[in-house]
J.: 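Below is one structure. I have some questions about it.
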Number of protein chains: 2
Amino acid sequence: MSELTLAVLVADQRPDLSGLADVEVRFAEAEQLPAALDGADAFLVWDFSARGIPQAWPRAAELRWMHVNSAGVDRVLTRQIAESNVVMTNARGVLDETIAEYVLGLVLAFAKDLPGTLSRQTEQVWQHRPTERLRGSKALVIGPGAIGRKIAKYLFALGLEVDAVGRTTRDGDPVFRTIHAQARLAEVAGDYDYLIVAAPLTPETRGLVNARVIAALPPNARLINVARGPIVDETALIEALRSGAISGAALDVCNEEPLPAGHPLWNCPNTIISPHMAGDFHGWRAALLDVFLTNLERFRMGQPLLNVVDKKSGYIS
Amino acid sequence: MSELTLAVLVADQRPDLSGLADVEVRFAEAEQLPAALDGADAFLVWDFSARGIPQAWPRAAELRWMHVNSAGVDRVLTRQIAESNVVMTNARGVLDETIAEYVLGLVLAFAKDLPGTLSRQTEQVWQHRPTERLRGSKALVIGPGAIGRKIAKYLFALGLEVDAVGRTTRDGDPVFRTIHAQARLAEVAGDYDYLIVAAPLTPETRGLVNARVIAALPPNARLINVARGPIVDETALIEALRSGAISGAALDVCNEEPLPAGHPLWNCPNTIISPHMAGDFHGWRAALLDVFLTNLERFRMGQPLLNVVDKKSGYIS
């Protein structure tokens with residue numbers, strides 16, 4: 001095989017690519033990225049924050065393939081890249097199951113009031129409270145993709161009724177009872193106990209969970225976001241949590257990450273803030289690297305790549 | 001139907017039995033129980049603490065049936081009662097599913113380090129950590145009864161391997177991969193990530209999770225007890241948690257309930273203490289009452305009672 005030039009965007013941590021034969025590997029932080037992309041055939045976006053790509057893009061004239069090391073490509077997919085001929089692939093599949101486990105853990109934490117139990121424990125207070133039974137509760141999953149389907153499968157196993165919101169209304173789905181068109185979200189939101197955001201961030205989903213949708217949720221509702229912060233209107237959410245208009249929220253993602261100290265979300269009532277780690281299991285980096293290496297092998301053999309992103313929609317259709 | 005006399009042991013709270021025709025209902029706290037049992041045909045043990053029964057029992061000469069308002073009958077079943085001709089029934093079935101939900105919530109809380117996330121949240125610290133994936137983990141359920149089977153079903157849906165410990169070794173179980181004889185517990189305990197106690201408290205299970213069993217658990221193991229405190233050696237458990245010999249414990253039940261302020265369990269490392277509420281969902285009291293009322297109707301019609309406890313073993317065989 002002929003020599004191949006691979007640019008790798010890294011930050012604090014870099015993947016072990018020492019085993020690659022006949023590949024010139026150029027590790028680069030944001031500042032070195034323009035030089036690294038110059039003449040590169042392939043580009044691995046290993047650093048999730050994806051800093052520096054728009055600035056370096058004009059130098060990527062030889063680039064044929066880029067692999068984004070996460071399920072969401074929103075931080076990478078500029079209009080320039082969307083309109084280019086570069087094929088984009090992502091890490092779909094690696095984190096689906098662990099994200100679904102995480103969501104199930106959050107749903108159960110709310111239903112069984114685990115935060116209330118832990119805070120009473122620090123006071124050494126034994127206070128019996130009845131909790132919620134999950135069977136028969138209703139969940140609405142925004143994003144009927146691979147992750148949303150895994151979430152639905154687990155919730156269904158616990159006896160919940162699970163619907164979804166997608167681009168268009170669809171019947172006869174093998175997993176979801178009903179898929180509502182997202183234009184109807186505010187109209188249907190009132191029927192659900194759990195609203196779970198698992199959609200890619202695209203122009204269509206940005207701000208989708210807006211003040212009107214949040215106002216439509218019933219008072220017992222909990223919002224769970226394991227996708228991307230900008231899908232949810234945080235100002236409206238904070239207001240709803242503070243006024244008790246909804247019963248809780250769990251955010252693994254925020255508009256600003258890391259969420260800065262002093263931000264009002266940190267101590268909103270009935271709110272669980274976790275640091276964008278829902279899917280990241282021990283060994284996740286190795287598993288993510290495997291996806292890239294499999295595609296690298298296919299790229300070099302001229303075989304069709306896996307996980308090709310539809311750059312128009314912003315996800316794998 | 002002829003008039004029937006029903007004694008009801010209550011404490012802080014009493015069931016609504018106002019709709020019963022042709023029944024003389026005698027509500028009694030522990031102190032009034034001897035008089036209430038005098039000449040009673042039936043006895044509802046509504047108060048879970050079951051205080052005062054041994055003292056009052058000599059007056060229960062006419063008693064034919066007693067119903068215990070919980071799944072475990074350990075607080076009621078004295079030798080005198082076991083040897084009497086009084087038929088005992090219990091509340092089996094009402095709380096199975098919600099207890100299983102609760103256990104699943106605890107398993108996920110450990111795997112995803114939800115307590116660590118909540119404590120960092122109070123400090124407003126955003127600190128990413130990889131978490132554990134559940135698929136492929138191994139759980140051992142002590143007590144392959146109705147509750148243990150529900151727990152196994154949910155864990156299995158999440159991809160765990162689930163075995164049980166029962167009185168004797170059994171193969172070909174429809175739910176559990178293997179059922180080990182409890183005599184082998186210390187021998188097999190080292191193979192499991194989660195040890196879940198869901199057995200009735202009987203002479204055979206008292207102290208079953210002893211120092212030897214706890215020492216056999218692997219360092220990553222978590223112990224979950226939703227059954228009865230005295231099944232677990234608390235002293236050995238506290239020692240194992242403090243030394244890091246195991247990775248965590250969640251106790252919904254303790255030797256002494258309520259767990260007194262100042263007890264060392266309250267602030268053991270990686271320990272979740274909840275106030276004996278695992279199965280108690282909103283509406284649980286009404287659901288428990290329904291079980292009794294169904295049996296009361298059968299008792300009066302001379303039909304076989306549901307949920308008859310084998311007073312020799314201490315549970316429904």
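We use all heavy atoms of the structure for the numbers below, so side chains are in, but hydrogens, waters and symmetry mates are not. Since the structure is predicted, the reported quantities are computational estimates derived from the model, not experimental observations.
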J.: Which one, G116(B), A111(B), P260(B), S274(B), leads in non-hydrogen pairs under 4.5 Å with chain A?
T.: S274(B)

J.: If I measure from the heavy atoms of chain B, does L118(A) come under 4.5 Å with its side chain, its backbone, both, or neither?
T.: side chain

J.: So R133(B) and E101(A), salt bridge (Lys or Arg N to Asp or Glu O under 4.0 Å) or not? Walk me through it.
T.: CA-CA 8 Å; R133(B) 93 179 299 161; E101(A) 291 176 355; 5.2 Å; no

J.: Within the structure provided, determine whether H282(B) and T131(A) are in side-chain contact (heavy-atom separation under 4.5 Å).
T.: no

J.: Using heavy-atom distances under 4.5 Å, tell me whether V125(B) contacts chain A through its side chain, its backbone, both, or neither.
T.: backbone

J.: Provide the closest heavy-atom pair for T271(A) versus Q121(B) in the form atom of the first, atom of the second, distance.
T.: O-NE2, 2.9 Å

J.: In terms of relative ring orientation, are W126(A) and W266(B) parallel, tilted or perpendicular, with 30° and 60° separating the classes?
T.: perpendicular

J.: Mind ranking K153(A), M277(A), R285(A), H276(A) by heavy-atom pairs under 4.5 Å with chain B and telling me who comes out on top?
T.: M277(A)

J.: Which heavy atom of T98(B) sits nearest to which heavy atom of K112(A), and what is that distance?
T.: O-NZ, 3.9 Å

J.: Heavy atoms, side chains only, cut-off 4.5 Å: are W284(B) and P130(A) in contact?
T.: yes

J.: Are side-chain heavy atoms of R129(B) and P275(A) found at a separation under 4.5 Å?
T.: yes

J.: Quick check on Y102(B) against chain A: is it the side chain, the backbone, both or neither that has a heavy atom closer than 4.5 Å?
T.: both

J.: Sort out for me which of E123(A), H128(A), E132(A) touches chain B most, counting heavy-atom pairs under 4.5 Å.
T.: H128(A)

J.: Enter the distance from L106(A):CG to L108(B):CG here, rounded to the nearest 0.5 Å.
T.: 9.0 Å

J.: Determine which pairs satisfy salt bridge (Lys or Arg N to Asp or Glu O under 4.0 Å) with at least one residue from residues 249-269 of chain A, sequence neighbours left out, and list them in order.
T.: R75(A)-E257(A)

J.: Out of G159(A), G279(A), A100(A), G262(A), return the one with the most heavy atom pairs under 4.5 angstrom to chain B.
T.: G262(A)

J.: Can you see which heavy atom on L114(B) is nearest to which on A109(A), and at what distance?
T.: CD2-CB, 3.5 Å

J.: Examine whether an atom of Q127(B) lies under 4.5 Å from a heavy atom of chain A, and if so say whether it belongs to the side chain, the backbone or both; otherwise answer neither.
T.: backbone

J.: Counting only heavy atoms not in F156(B), do more than 12 sit closer than 6.0 Å to its CZ atom?
T.: no

J.: Roughly how far apart are Y154(A) OH and L134(B) CG, rounded to 0.5 Å?
T.: 8.0 Å

J.: In the structure I gave you, are the side-chain heavy atoms of Q124(B) and N267(A) within less than 4.5 Å of one another anywhere?
T.: yes

J.: Quick check: do I273(B) and T117(A) have side-chain heavy atoms less than 4.5 Å from each other?
T.: no

J.: Name the region of I272(B), side chain, backbone, both or neither, that has any atom closer than 4.5 Å to a heavy atom of chain A.
T.: both

